[in-house]
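Computed from a predicted structure; not experimentally measured.
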Amino acid sequence: MQTILDSADRPAHDAFIEKKSEFIGDACHIESLDDALAFVQTIRDLHPKARHVAYAAVCGGSGGRLAERMSDDGEPSGTAGKPILDVLRANEMTDCVVAVTRYFGGILLGSGGLIRAYSTGASIAVKAASKARIVPCREYRVKLDYPQLGGFQNLLASVEGEQADAQYTDRVVLSVVVPMEHAGVFEARVTETFNATVSPQPVGMSNRPVRL
């Protein structure tokens with residue numbers, strides 16, 4: 001899966017003209033479907049004279065299921081929200097929303113023309129966005145002596161891991177995340193490198209965006 005990194009404050013943006021109607025695509029990262037609704041409202045506020053602001057949003061749901069929401073915003077049923085959602089599905093996107101704003105130019109496009117136009121509006125917004133791959137990761141808690149810290153950080157980087165938190169007292173306690181595909185290698189290398197004096201403790205799972 002992929003996500004969009006651009007924020008609601010600075011969304012990815014592009015536009016085009018189709019038979020005198022202007023279509024404006026905006027896309028950003030979201031944490032929930034409520035965020036999507038809030039973003040769409042900001043787009044409506046920016047374009048009070050626009051005839052339609054259709055959108056689609058996808059978020060990671062419980063149990064690995066994706067939650068989706070869309071709206072035609074007054075366009076004929078199935079001609080706006082669904083084409084936008086189809087673009088997100090085709091690009092395997094999650095945790096993002098795309099809004100396509102239409103300024104009506106006076107020429108009717110017909111159902112087929114609307115579907116193509118809203119699909120294009122969504123596609124150019126996604127293309128303009130900064131994107132990241134969603135990587136399943138294992139979370140670890142690791143206790144180290146101070147002289148071990150540099151070597152451990154180098155090892156962590158070699159498996160594309162990331163340090164999430166650190167506590168410094170008489171020892172160093174790190175919270176780190178490692179891509180699942182490298183978790184086994186990570187554990188084995190830590191044991192080998194530190195002669196079994198360091199033992200990463202698995203504490204959970206999470207997803208991490210890695211910029212494409």
**Student:** Answer yes or no: is there a donor N or O on one side and an acceptor on the other, between the side chain of Thr191 and the main chain of Ala196, under 3.5 Å?
**Tutor:** no
**Student:** Ignoring hydrogens and angles, tell me if any N or O in the side chain of His29 forms a donor-acceptor pair with the backbone of Ile4 under 3.5 Å.
**Tutor:** yes
**Student:** Looking only at non-hydrogen atoms, find the nearest pair between Val40 and Val97 and report the distance.
**Tutor:** CG2-CG2, 4.3 Å
**Student:** Quick check for you: to the nearest 0.5 Å, what is the distance between Thr169 atom OG1 and Lys143 atom NZ?
**Tutor:** 9.0 Å
**Student:** Is it the case that one hydrophobic cluster holds both Ile43 and Ile124, taking links as side-chain heavy atoms less than 4.5 Å apart, direct or via other members?
**Tutor:** no
**Student:** A side-chain contact here means heavy atoms from C-beta on lying under 4.5 Å apart; do Arg138 and Met205 qualify?
**Tutor:** yes
**Student:** Check whether Tyr146 and Leu155 end up in the same hydrophobic cluster, where Ile, Leu, Val, Met, Phe, Trp and Tyr are linked by side-chain heavy atoms less than 4.5 Å apart.
**Tutor:** yes
**Student:** Within the 4.5 Å heavy-atom criterion, are Arg102 and Leu109 side-chain neighbours or not?
**Tutor:** yes
**Student:** I need the Asn91 CG to Met1 CE distance, nearest 0.5 Å.
**Tutor:** 10.0 Å
**Student:** Only one of Leu33, Val98, Leu66, Asp95 forms a side chain to side chain contact (heavy atoms under 4.5 Å, CB included) with Val58, so which one is it?
**Tutor:** Leu66
**Student:** Treating Ile, Leu, Val, Met, Phe, Trp and Tyr as nodes and any side-chain heavy-atom pair under 4.5 angstrom as an edge, say whether Phe194 and Leu149 lie in one connected cluster.
**Tutor:** yes
**Student:** For the CG atom of Leu212 and the CD atom of Gln2, what is their distance to the nearest 0.5 Å?
**Tutor:** 5.0 Å
**Student:** Given Ser123, which of Val87, Asp14, Ile84 fulfils the side chain to side chain contact (heavy atoms under 4.5 Å, CB included) condition?
**Tutor:** Val87
**Student:** If you define the side chain from C-beta out and look only at heavy atoms, does anything of Arg69 sit under 4.5 Å from Leu37?
**Tutor:** yes
**Student:** Closest approach of Thr101 and Ala50, non-hydrogen atoms and distance?
**Tutor:** CG2-CB, 3.4 Å
**Student:** Side chains of Phe23 and Thr120, heavy atoms from C-beta outward: is any pair under 4.5 Å?
**Tutor:** no
**Student:** Report yes if the side chains of Phe152 and Val190 come closer than 4.5 Å at any heavy-atom pair, otherwise no.
**Tutor:** yes
**Student:** Can a donor-acceptor pair be found, under 3.5 Å and without considering hydrogens, that links the side chain of Lys131 to the backbone of Val126?
**Tutor:** yes
**Student:** Under 3.5 Å, side chain of Ser119 to main-chain N/O of Ile115, donor-acceptor pair present?
**Tutor:** no
**Student:** Which residue pairs satisfy the ring pair (Phe, Tyr, Trp, His ring centres under 6.0 Å) criterion with at least one member in residues 80-115, sequence neighbours excluded?
**Tutor:** His47-Tyr103
**Student:** Flag yes if Val178 and Val185 sit in one hydrophobic cluster, no otherwise; membership is Ile, Leu, Val, Met, Phe, Trp, Tyr, and two members link when side-chain heavy atoms are under 4.5 Å apart.
**Tutor:** yes
**Student:** What's the spacing between His182 NE2 and Arg189 CZ if we round to 0.5 Å?
**Tutor:** 9.0 Å
**Student:** What is the minimum heavy-atom distance between Phe39 and Cys28, and which atoms define it?
**Tutor:** CD1-SG, 3.6 Å
**Student:** Below 4.5 Å, heavy atoms only, C-beta onward: do Arg44 and Asp73 meet side chain to side chain?
**Tutor:** yes
**Student:** Using 0.5 Å steps for rounding, measure from the SG atom of Cys96 to the CG atom of Leu5.
**Tutor:** 10.5 Å
**Student:** Strictly distance-based, threshold 3.5 Å: is any side-chain N or O of Asp6 a donor or acceptor partner for the main-chain N or O of Ser130?
**Tutor:** yes
**Student:** What distance do Asp86 atom CG and Met70 atom CE have between them, rounded to the nearest 0.5 Å?
**Tutor:** 8.0 Å
**Student:** Are the side chains of Leu144 and Leu174 in touch, meaning some heavy atoms are under 4.5 Å apart?
**Tutor:** yes
**Student:** Gln201 side chain to Ser199 main-chain N or O, any donor-acceptor pair under 3.5 Å?
**Tutor:** yes
**Student:** Keeping Glu22 on the side-chain end and Ala15 on the backbone end, is there a donor-acceptor pair under 3.5 Å?
**Tutor:** no
**Student:** Does one side chain, of Ser21 or Arg51, offer a donor that lies under 3.5 Å from an acceptor on the other?
**Tutor:** no
**Student:** Looking only at heavy atoms, which two atoms of Ala54 and Tyr118 are closest? And how far apart?
**Tutor:** CB-CE2, 3.8 Å
**Student:** Which heavy-atom pair separates Ala57 from Ile30 by the least distance, and what is that distance?
**Tutor:** CB-CD1, 4.1 Å
**Student:** Short question: side chain of Ser175, backbone of Ala164 - any donor-acceptor pair under 3.5 Å?
**Tutor:** no
**Student:** Kindly work out whether a path of hydrophobic side-chain contacts (I/L/V/M/F/W/Y, heavy atoms less than 4.5 Å apart) joins Tyr55 to Leu46.
**Tutor:** yes
**Student:** With ring pair (Phe, Tyr, Trp, His ring centres under 6.0 Å) as the rule and sequence neighbours excluded, what pairs involving residues 155-180 come up?
**Tutor:** none
**Student:** Please step through salt bridge (Lys or Arg N to Asp or Glu O under 4.0 Å) for the pair Glu18 and Arg116, ending with a clear verdict.
**Tutor:** CA-CA 10 Å; Glu18 178 67 23; Arg116 287 190 295 273; over 6 Å; no
**Student:** Restricting to non-hydrogen atoms, name the atom on Ala12 and the atom on Ala128 that form the minimum distance, rounded to 0.1 Å.
**Tutor:** CB-C, 3.9 Å
**Student:** Checking the side chain of Gln148 only, and the main-chain atoms of Asp145 only, is there a donor and an acceptor separated by less than 3.5 Å?
**Tutor:** yes
**Student:** Just grab all the ring pair (Phe, Tyr, Trp, His ring centres under 6.0 Å) pairs involving residues 121-142, residues at least two apart or on different chains.
**Tutor:** Tyr140-Phe186
**Student:** Is there a side-chain contact between Cys137 and Glu162 in this structure, where contact means two heavy atoms from C-beta onward sitting under 4.5 Å apart?
**Tutor:** no
**Student:** May I ask you to decide whether Arg208 forms a salt bridge with Glu160, counting only side-chain N to carboxylate O separations under 4.0 Å?
**Tutor:** no
